[in-house]
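Down below is the structure, laid out as C-alpha cells.
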There are 2 protein chains.
Amino acid sequence: MEQKRQRMTHQRSVILEEVQRCQDHPTADEVYERVRKRLPRISMGTVYRNLDVLVSSGLIRKLGPDFPQMRFDGDTRDHYHMTCIGCGCVEDMGIPPQDDTVSQLETALGKLTKHGVFGHRLEFFGLCPDCREKKGYLLEEVQEIPSSEEEQEHGAEGE
Amino acid sequence: MEQKRQRMTHQRSVILEEVQRCQDHPTADEVYERVRKRLPRISMGTVYRNLDVLVSSGLIRKLGPDFPQMRFDGDTRDHYHMTCIGCGCVEDMGIPPQDDTVSQLETALGKLTKHGVFGHRLEFFGLCPDCREKKGYLLEEVQEIPSSEEEQEHGAEGE
DNA sequence: CTGTTATCAGGAATGGTTACTAATAATACA
DNA sequence: TGTATTATTAGTAACCATTCCTGATAACAG
C-alpha cells in the first residue's frame, strides 16, 4: 500500500486560502460560494474532495455537524466553539482551552472502563449576540439543545 | 400556548418501548428494524416522526450525529458516551457525570464572552472493546474523526 | 357511539454528500 | 526542455438519511 502523492492544484490552494481566510466556520456550501467567485467553473464535488484532503493533512479542521451541515475551520489551533441555537452559526469562544479539566476526565474514563478513550469533543450551545438581541428568544425551550431545530409547531406564541 | 393533544398510539408506544429497551444507542434505522418485527407495516416516516415527538416530550434523547446517522437514547439520565471510531457504535461510559468541572467552564465562558452560553455537549472518542481486540487498529486513522482535541500531533499524509 | 383530528402508511421529494467518467494538468524524469 | 504518468478535475448521476405530502385510519372527548 503506497500512498499516492498529493498535488497542490490551483483549486486546492484556493479552497485552502478561502477556508483559512474566513473568520466564521463555513459549510461546504459556503466554501463553494466563496471559491466560485475566483474559480467560476469549480464543481461542488471538487470542493468536498479537497476539504476532505485538507482535513486529513491537518491543514484545516472539520467541525461535527450539530446543525445538519458539516462545518470547517481554517484555524487548527485548539479553541472552543459555540453553536448558536438561534441561527446555527458557529463562533469561536475567546478563551484559551483549559484542557486539563476535561483531559483529566478523559484519563479517568480510560482507566475506569474497558474502552480505549483517546479523544473528546466539547462544544457549547447558546445564542450569538445577534440572536440574543433580535429576540429575547424563549429561554425555556433551550434545554432541548442536543442537536436539532425544534422549530416545530411546538410553542412560538405567548405562553 | 396550547399544544395539540398528543395521542398515545400503538406505534408510538412500541417505538418508545423499543428505544427504552435497548442498551445500545440505535439509529432511526435500527429502531425501524426492531419495531418492524412487532409492527410489520409501520413506515419509516412514522418512526422518524415519533422519535422526534418522543424527544421533544423528553421521553428519549437524541444523540448528535458523529457518524452520519442520528442516534437515540432511551436513557434520559445524564451520562457520558463514547463513540467508537472503529465501528461507529456509541456506548455508555460507566462513570457518573462530573458536570461541575465543565459547568464551571461553561459559566466562565458565559461571563467572559458576549455570548449567551447555556449548554454544552461533551463526547468521547475511542475504541470499543470489540474493535480494540479485533485489531490493534491503525491509530493513525484517528485523526479522521470529527475533531478531537488530543492526538493531533502528526502532520501530513493522511490515508 | 360519533365527530374531530392527530396520526398513520406509503411514497415522493429534499438536501447534503459521494461516486463515476472522460478530460485535464501537476509532477517526475528522460 | 519535452513527455509519460497519474492525481485531480468538471459535470453529472447516484446515494442515503431525513422530511414532506396524501388520503385513509384510529384515538380520544363528549
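Each chain gets a letter, A, B and so on, in the order the sequences are listed, and its residues count up from 1. All values below come from the heavy atoms of this structure, side chains included, with hydrogens, waters and symmetry mates left out.
- At the heavy-atom level, A:R49 lies under 4.0 Å from base atoms of the strands shown.
- Rounding to whole angstrom units, CZ of residue B:R5 and C1' of C:dT4 are separated by 9 Å.
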Verdict with supporting geometry, A:Q6 and A:V53, side chain to side chain contact (heavy atoms under 4.5 Å, CB included): CA-CA 9 Å; A:Q6 285 184 185; A:V53 168; 3.5 Å; yes
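- In this structure, the CD1 atom of B:I42 is 14 Å from the P atom of C:dT7, given to the nearest Å.
- By the 6.0 Å contact criterion, CZ on B:R21 is enclosed, its count of non-hydrogen atoms from other residues, nucleotides or ligands being greater than 12.
- In this entry the distance linking CE of B:M44 with P of C:dA13 reads 19 Å, nearest Å.
- Nucleic acid contact class of A:T46 (heavy atoms, under 4.0 Å, all strands): base.
- Close to C:dT7, at under 4.0 Å from its OP1 or OP2, lies a side-chain N or O of B:R12.
- Among B:L51, B:V31, B:D73, the single residue meeting the side chain to side chain contact (heavy atoms under 4.5 Å, CB included) criterion with B:I60 is B:L51.
- The nearest whole Å value for the distance from the OH atom in A:Y32 to the P atom in C:dG16 is 13 Å.
- Of the listed nucleotides (C:dT17, C:dT18, D:dT19), C:dT18 has the atom at the smallest distance from the side chain of A:D52.
- In terms of phosphate contacts, B:R7 brings no side-chain nitrogen or oxygen within less than 4.0 Å of OP1 or OP2 of D:dA26.
- For B:H10 and C:dT7, the NE2 to C1' distance is 14 Å, given to the nearest whole Å.
- In this entry the distance linking CD of A:Q11 with C1' of D:dA10 reads 9 Å, nearest Å.
- Distance OH (A:Y48) to P (D:dA13): 18 Å, rounded to an integer number of Å.
- Comment: B:R34 engages B:D24 in a salt bridge, judged by a side-chain N to carboxylate O separation of less than 4.0 angstrom.
- The shortest distance between the side-chain N/O atoms of A:T9 and the OP1/OP2 oxygens of D:dT9 is below 4.0 Å.
- Here the side chains of B:D52 and B:K62 are in contact, with some heavy-atom distance below 4.5 Å.
- Checking B:M8 against B:G45, the closest nucleotide of DNA chain D that is more toward the 5' end is the one next to B:G45.
- Atom pair B:E30:CD and D:dT18:P shows a separation of 11 Å (rounding to whole Å applied).
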